[in-house]
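As structure tokens, the structure follows; a few thoughts come after it.
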Amino acid sequence: MRIATWNINGVKAREGALKQFLKEHQPDILCLQEIKTVDEGFPAAEIEGLGYNVATHGQKSWNGVAILSKMPADEITRGLPGDDTDEQSRLIEGVFSVEGGAIRVCNIYLPNGNPVDSEKFPYKLRWMERLIAFVEERLEFEEPFILLGDFNLIPAPIDAHDPDAWWGDALFRPESLEKFRALANLGLTDALRAVTDEPAYTFWDFQAGAWRRNAGIRIDHLMLSPQAADRLENVTVHKDVRGWDKPSDHVPVEGEFTF
DNA sequence: ATGCCAGGGATACCCTGA
């Protein structure tokens, strides 16, 4: 089974690219972030026409996440617990039956957190604390659990073309990375780093010729419970997608599993 | 220190992203 994540940066602007990717690669599950629409605005009929089930957790203008899957989900959960006042749509989780059991796929769009002297940075850190509590509970199930999406976190200097340029940024601040390590230390494996020690970027800014200069960062991740990590075969970063017409600034990252 | 570019929504010399 192949499970992918892609920050699509607006599903309405990217409908053509989304269809092309689904047709070319046929992932079993594709998790989207930044759909930037309410549920009713998602082109569900078109995607269902390609053989996918669609579950969305949308929001007007910003954020919004979705899970596309060839098999229907047994269960869908929307929203991150822990703060009833948080209205941002940044988490959707699906449970899927596989041979011999079930897998749980949790799709997140973790807050960016910039600028760090604004409310956005403490919101990011609090969101990560809520995520850690949520994942801790999920791991108690001791089942294949895949936490994937746009983490807005650069895990290590190797994950940036120019790490010095990111010093002080919310994506690379010590406070942010400390929480990322706390999350990983619950027992999650960074899938990409389980298969390669080489740089592999997933985001290139639209600005300043970042793509042309390969000035990228790795911020889209698949984090695996032990039961999922045991079944990991390979990870593919679909870098070519960044070169398509009217691309998103992120590219799809796909994990291949034996279930 | 700022804008670079892009999408959204309603058309704003505006907001957000990373």
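Computed from a predicted model, the values in this text were never measured in an experiment. Only this structure's heavy atoms are used, side chains among them; waters, hydrogens and symmetry mates stay out.
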- Task: Measure from CD on Glu40(A) to C1' on dG9(B) and round the result to the nearest Å.
- Result: 17 Å
- Taking all atoms of both residues into account, what is the closest heavy-atom pair of Leu131(A) and Leu91(A), and its distance? CD1-CD1, 4.3 Å
- Item | Minimum heavy-atom distance Arg193(A)-Glu198(A), with the two atoms named | NH1-O, 3.0 Å
- Task: Could you measure between the two C1' atoms, the one in dA6(B) and the one in dA18(B), and give it in whole Å?
- Result: 12 Å
- Syn-anti status, with the boundary at 90° from 0, for the nucleotide dC14(B): anti
- State, yes or no, whether a side-chain contact exists between Val235(A) and Glu256(A) at a heavy-atom distance under 4.5 Å. no
- Message: Without decimals, in angstroms, what is the distance between Arg218(A) CZ and dA18(B) C1'?
- Response: 16 Å
- Task: Pick base, sugar-phosphate or nothing for Ala13(A), based on heavy-atom distances below 4.0 Å to the nucleic acid.
- Result: sugar-phosphate
- Query: Roughly how many Å is it from CZ in Arg242(A) to P in dC5(B), rounded to a whole number?
  - Reply: 13 Å
- Query: Taking the same atom, P, in dT11(B) and in dA1(B), what whole-Å distance lies between them?
  - Reply: 34 Å
- For DNA chain B, whose closest nucleotide is more 5', that of Leu110(A) or that of Pro247(A)? Pro247(A)
- Query: Which one is paired to dG9(B), where only Watson-Crick or G-U wobble pairs with both distances under 3.5 angstrom count?
  - Reply: none
- Note on the structure: Residues at least two apart in sequence or cross-chain that pass side-chain hydrogen bond (donor to acceptor under 3.5 Å, both in side chains) with Gln20(A), listed by chain then number, are Glu24(A)
- Rounding to a whole Å, what distance do you find between Ile8(A):CD1 and dA18(B):P? 14 Å
- Worked verdict on Asp86(A) versus Arg130(A) for salt bridge (Lys or Arg N to Asp or Glu O under 4.0 Å): CA-CA 11 Å; Asp86(A) 185 358; Arg130(A) 289 161 57 199; 2.9 Å; yes
- Task: Provide the distance between the two P atoms, one in dT2(B) and one in dG9(B), to the nearest whole Å.
- Result: 28 Å
- Can we say Glu93(A) and Arg138(A) salt-bridge, meaning some charged N sits less than 4.0 Å from an Asp/Glu carboxylate O? yes
Please tabulate, one pair per line, each protein N/O and nucleotide N/O from nucleotides 15-17 of chain B that are separated by under 3.5 Å, including the distance.
{"unit_1": "dG17(B)", "atom_1": "OP2", "unit_2": "Lys120(A)", "atom_2": "NZ", "d": "2.9"}

- Give the rounded distance in Å between these two atoms: CZ of Arg212(A) and C1' of dC5(B). 13 Å
- Query: Between Arg14(A) and dA6(B), is there a side-chain N or O to OP1/OP2 distance below 4.0 Å?
  - Reply: no
- Query: Nearest-Å distance, CZ (Phe42(A)) to C1' (dG7(B))?
  - Reply: 16 Å
- In whole angstrom, give me the gap between the C1' atoms of dG7(B) and dA12(B). 15 Å
- Message: What I want to check is whether the side chains of Ser248(A) and Asn9(A) have a donor and an acceptor closer together than 3.5 Å.
- Response: no
- Return the value, rounded to whole Å, for the distance between atom NE2 of His221(A) and atom P of dA18(B). 12 Å
- Looking only at side chains, do Lys124(A) and Asn152(A) share a donor and an acceptor under 3.5 Å apart? no
- Task: For dG3(B) and dC13(B), measure between their P atoms and round to the nearest Å.
- Result: 16 Å
- Task: Considering only atom P, compute the distance from dC15(B) to dA10(B) and round it to an integer number of Å.
- Result: 14 Å
